[in-house]
Each structure stands twice: as structure tokens, then as C-alpha cells.
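Structure first, commentary second.
Bear in mind the structure is a predicted one, so any value in this text is a computation, not a measurement. In the text below, chain A, chain B and the rest are named by the order of the sequence lines, each starting its count at 1.
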Amino acid sequence: MSREEMVKVLEEIALLLELKDENPFKIKAYRSGAETVRSFPDDIVARAAANDLKGIKGIGDALRDKLHEMATTGKLEFYEKLRAEFPASLFDLFEIQGLGAKKIKVLHRELGIASLEDLRAACVSGQIAGLAGFGAKTQSNLLEAMAHRESFAGQFRLGAVASVVESLLDDLRDHPDAHRVAVCGSYRRAKEVVHDIDLLVATSNPSELTAYFVSLAGIQKVLMHGDTKASVILDNGLQCDLRAVTNKQFPFALQYFSGSKEHNVALRQLALRRGWSLNEYDFTVVRDDAQALPEVNEEKDIYHALGLPFIEPELRENLGEIESATNHDLPRLIEIANLRGTFHNHTTESDGKNSLEEMAAAAEELGLQYLGIADHSKSSFQANGLNEQRLLQQVQEIAEFNAKQQGFRVFAGSEVDILKDGSLDFSNDILAQLDYCVASVHNAFTLSEEEMTRRIIRAMENEHVTMLGHLTGRLLLKRDAYAVNHSKIIDCAAETRTVIELNCNPMRLDMDWRWWRRARDRGVLCSINPDAHHTEQFRFLHFGVLQARKGWLRRDDVINTFSLEKMQEWLARPKHLR
DNA sequence: CTTTCTCTAAAGTGCACTGTGGCCAGTGC
């Protein structure tokens, strides 16, 4: 049994125990046990198999035995018995906003509701409103929450599919007849959410490749399987298509299937002006006076043939990239290698999983020169936010840590809550003792757009607020952005010299890429921040850089490309001079 | 179920918001 499966079992046990009204601390113990297993910095499955789990914080006698049983037998009797007490479809109800264990239990016991279909029927027939503890408003909220969930069906976050896509690419490359392999579509364009994955392979043996593809591990269902095209559903529900083309066709197919559709339409018009038609296989002459056909070996040759420089896939949304390419003023986009440091990271002091030392070591290992720590402030109680005393203590610890460093530096900061009225969770005296500060909204999400915008603007006007954290609070495919006026925020950021964060947690990717070009043009600086709660999460920087590229950002638009020296000088300046 | 200021028993994140039902309970952060 893998680590992920063990985590899943423990989390499901917690849900089941909640349904059974068990001791809340027992439930919490399973949840925290799951978290411990998830982030254990060693091979926990091997340790569990060897029954070598003594002394791990969060794993007591009961969890130790259960983990051992799972690692050795591949199942858990306790879990299976528990599961048998409830219908499997009941779990889906936990995904509906506003439903927790207590309400699900009532629905199950009183109305026999055991699935989303049951719930919908009961809402439509008005039975829910009659239940004790429920009312008409709850009933309509549930219908809305179900519709919300449905609208997200079949969509996947970029970060959630990246590893499976990369491993499919690796598998395809392993085949001796695969000359060139690529992923196209919205994944290649780094859209924050994708519907399906388009893979492309250049081969002289297409039927062999499609047969190989449908035989790969991790495939739940084969939708179709022909000589040059195959379509499958992966275990996670993601649809994945493979097209096999000749090596000569490959650059055309790569360009075509990478899209976007709008970008391709514009490109085909350019081709027509030269008397060529462009499709997924080739250029063809369509007019007598056409220019001679160009030789195309790579995708960039197609752009060059049309008189354009290569256009990076992230920009291909027909949002001005063709015009910009025509004028030869495409931006030179930021690359991950340009990053010198990162801000907005958490430690065990608030809700992070690694210590200051561990986070710093991991950042340095990645080749970064500096790391900004920004633990939560006291109002974020749920995240174990720091009060003034703990914060100042942490500032002291960071100073001591830095005294021992050579060429690497930790910046002391805070992710300070923006309170409902726009004031901050710490006074200016306290904030003045930090190297920098990220200000974020963590509560009262339901303010009107006007109130929310005013609230955030008030925070940005504070001279100690270096940057604004996750502007809209959105959780992709889970929670909508709260209402906020982006234009006004961007204008205010430009005026007050407040940096805006590009939070690169794949759940957030906030501020959205669609706004960055505008912000950039007004002189607003960006900070690409992983919001890392774990050393592993520094890899989120990769997604942040993709989104920054999608937002037309160059190296100089992003502050964490500054060298350590420049950063120290920059932070030391008064905000209005930055 | 785990931890500890324990040694057998007690304590273990707290607040805002929403909706319901009459000043409370469930959910989510």
C-alpha cells in the first residue's frame, strides 16, 4: 500500500467517525495522523512495514498498529468494517459547501439520503426545508452548491495534472519508435485549469504507438483506439488524447493542437495573405501568386515563415501577441532560472510543516540567495497565527540565524491579516521592525465589491505593507474569488508602490494571469510567491513562473529576480521611492 | 486517539458567519 493510499484511508476513517459522532479528539487524531504520514520526511511505508514507528509525534499506539497492518497486508479491517456501515456514495456529500458530518447524518437518518442524486431530489421536492435544523434557505443553498460543483466537473487544476502528464511523456519517450514527443493544448499554454490533455508523437509506426499508449498503466478506460489517434480516461478522470503523426507533420500538429483556437485563426489569416493555407499537417499553396513554400522542421519555422518571431505557447491566447510579434516587440519572458529568492513562506511557528532552518536549507539547495518568512498573524487563529511577542521572538531568531550564514539570508516578515475595516492585525510599531510584510485577507469574504476594494486599498496605503497577498482569495474549482475591483487595486498599487503577489499555490494562482499585463504596464511590480507550508512546496514556483509568463511579465517586472544585494537595498528604501 | 505540566487521568485551536428557531448549532477558516 502506498503512502497516498494510507493517507486516504486515515482521512476517510476521520469522516466516518464524524458520521458516527465519535469523540472529536479521536477524529482529530486520525486527521493529524494522515497529515503526519503525508509529510513524513522518510519512507514511512517501509517504516510501518518494519513496525518502526515509535516516537513519531502524532502516531500513537492505535495508529501505529493500523499503519503496520496496512503496510504488511495491504488492507485495514477496522476501516473496512467502518465503511460497510455506510453507502459509498455518501462521501460525495462532503464535497458540497455547507454540508458537514452533522447535517449529512441527519439527511441520511431522516430522509435516507445517500447520494448527490438523492439530495437533489429531496431539495426539489421540498423535503429538506421541513427537516429540523434545515429551512428554505438551506435548501436553496444546497441546490446552488450542487450546481456549483457540477460546473467544475471534468476540469482539473494545472498543478494536479502536471505529474501524470510528465510521466506519460516519459513513457512515450521510452518507446523506440517515438522520434519526438510533446504535450500540446491548454496544458502547454499553462492555463490554470485544463479539461483534457493532448499528447503528440512523431513516429513512422503510428499504430504501434497508439497501441502502446492505451496499454500504459494508470488508464481507467479506453474511449477509442485507432491507427493514428487514441483517447483514454486516466485513473483520476482526466481525458487524454494521443495523436501520432509523421516527423514532417510534427511541427504543424504541435502548433495546431497547442492553440488557442483564436490564436490559430489569426495565424491562418497571416498564411492566407502569403497565398498559403495552414492546417495541422502542412502549408499548402492556395493561390497562383503564392510565395514559395518554406521548409519547416520545427515549430518556430512556421512562425518565421509568416514573418514573425517565435511566440511562446503561454502567450497564444490572441490577446495581442500577434500584433506584438508583428512589431517585433514581444516581451522576453521571465524564466525560472531568473529567480533569486522568494517571499511569503510559512514555518512550524504558524501552520507550516518545516522549521525555519529546514525551509532555509531547502531554499538554498534550490539555488536561491534569500528566503522571506511570513507566518500568519494573530487573527488567523485557525492557522496558529503569531501574536506580537511571538513575532518579535521570531525576528530575533531570524537575526541569529542570519548571523551564521554566508551569502544566504532570511528576511523576517509577516503575512499580516487585513481586518474587516482595512486596518492591519499589527500596529505600525511592530511592522516597522520587520524586513517586509505581506498583507492578506483571510476572513469576511462576503463584503460587497466596493467595501472589499476599499478595505484592501486602505491596507496598501500603509507604508509598511510591502506586498499584497492572494488578491482574490480564490481556490480554483473550489471557491470563487471574492468581489474586488482589480483595476482600482492595480492603480492603487502603482500609486502606493505596493507589490502585488502572484501566489503560485496551484489552488490559487492569484492574481490571475489576465490582469498582469495591465499591472505591468502601469509599473506595478510582481512577487512570485509559493506560499510554501512545506519544503516540497517550493516547486510551486514553477507554476508561478508559468503564470507570470502568461501575464507577459519580464524578469525586471518581478522583484524576486533581484540579487540579494539589490533586494536589501530595495527593501531599505522608503516605499514611495521603490 | 495522542500527549503530557502524567504515571492514571485530564486536556486537547477559537472565532465569525449563517440560518434557524427562539438566544443556539453547524460550518469553514
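Here A:Gln97 lies in heavy-atom contact (under 4.0 Å) with sugar-phosphate atoms only. In this structure, A:Gly58 reaches the sugar-phosphate backbone alone: every heavy-atom distance under 4.0 Å involves primed, P, OP1 or OP2 atoms, never a base. No engagement by A:Arg31 is indicated, since no non-hydrogen atom pair under 4.0 Å with the nucleic acid exists. When heavy atoms are screened at a 4.0 angstrom cut-off, A:Lys378 is found touching no nucleic acid atom at all. Looking at heavy-atom distances under 4.0 Å, A:Leu63 makes contact with sugar-phosphate atoms alone, never a base.
Both tests pass for A:Lys66 against the ring of A:Phe78: distance under 6.0 Å to the centre and angle within 45° of the axis. Annotation: cation-pi geometry satisfied between A:Lys103 and A:Phe134 (NZ/CZ under 6.0 angstrom from ring centroid, within 45° of ring axis).
Note: CZ (A:Phe94) to C1' (B:dG26) measures 13 Å, nearest angstrom. B:dC1 atom P lies 8 Å from atom CG of A:Leu17, rounded to whole Å. When rounded to the nearest whole Å, the span between CD1 of A:Ile27 and P of B:dG26 equals 13 Å. Whole-Å rounding puts the A:Lys105 NZ to B:dG26 P distance at 8 Å. For the pair A:Asp21 CG and B:dA25 P, the computed distance is 13 Å after rounding to whole Å. Rounded to an integer number of Å, the gap from A:Ile418 CD1 to B:dC29 C1' is 16 Å. Straight-line distance from the CG atom of A:Leu475 to the P atom of B:dG28: 13 Å, rounded to whole Å. Here the P atom of nucleotide B:dT2 and the CD1 atom of A:Ile13 are 11 Å apart, to the nearest Å.
Remark: the separation of the C1' atoms in B:dT13 and B:dT8 is 26 Å, to the nearest Å. Separating the P atom of B:dC1 from that of B:dT6 is a span of 24 Å, rounded to the nearest Å. Nucleotides B:dG26 and B:dG21 are separated by 14 Å at their C1' atoms, to the nearest Å. A distance of about 31 Å separates the P atoms of B:dC17 and B:dA11, rounded to the whole Å. Atom C1' of B:dC23 sits at a distance of 15 Å from the matching atom of B:dT18, rounded to the whole Å. As rounded to the nearest Å, B:dT27 and B:dT20 have C1' atoms that lie 14 Å from one another.
Looking at A:His533 and A:Asp351, their side chains do bring a donor and an acceptor atom within 3.5 Å of each other. Between A:Gln396 and A:Glu400, the side chains place a donor N or O and an acceptor N or O closer than 3.5 Å (distance only, hydrogens not considered).
Note on ring orientation: taking the six-membered ring where Trp is involved, the planes of A:Phe152 and A:His148 are perpendicular (angle over 60°, cut-offs 30° and 60°).
Residue A:Lys66 has a polar side-chain atom (N or O) positioned under 4.0 Å from OP1 or OP2 of B:dC1. Proximity of A:Arg479 to the phosphate of B:dG28: no side-chain N or O atom is located under 4.0 Å from OP1 or OP2.
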| request: For the pair A:Gln220 and A:Asp235, evaluate side chain to side chain donor-acceptor pair (under 3.5 Å) and give the outcome as yes or no after the intermediate values. | output: CA-CA 5 Å; A:Gln220 184 190 110; A:Asp235 284 343; 4.9 Å; no

| task | Show the numbers, then the answer: is there a salt bridge (charged side-chain N to carboxylate O under 4.0 Å, His left out) between A:Glu449 and A:Arg454? | result | CA-CA 8 Å; A:Glu449 177 178 315; A:Arg454 202 177 320 125; over 6 Å; no

| query | What string of B, S and - do you get for nucleotides 7-20 of chain B 5' to 3' if you count protein non-hydrogen atoms under 4.0 Å? | reply | -----BBS--SSSS

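Side-chain atoms of A:Lys57 lie closest to B:dT3 of the nucleotides B:dC1, B:dT27, B:dT3.
Between A:Lys81 and A:Glu77 there is a salt bridge, since at least one side-chain N of the basic residue sits less than 4.0 Å from a carboxylate O of the acidic one.
No donor-acceptor pair under 3.5 Å is formed between the side chain of A:Gln155 and the backbone N or O of A:Leu477.
Nucleotides of DNA chain B nearest to A:Gly100 and A:Gly60 differ in position, and the one nearer the 5' end is that of A:Gly60.
Using a 90° window around 0 for the glycosidic torsion, B:dC23 falls inside it and is classed as syn.
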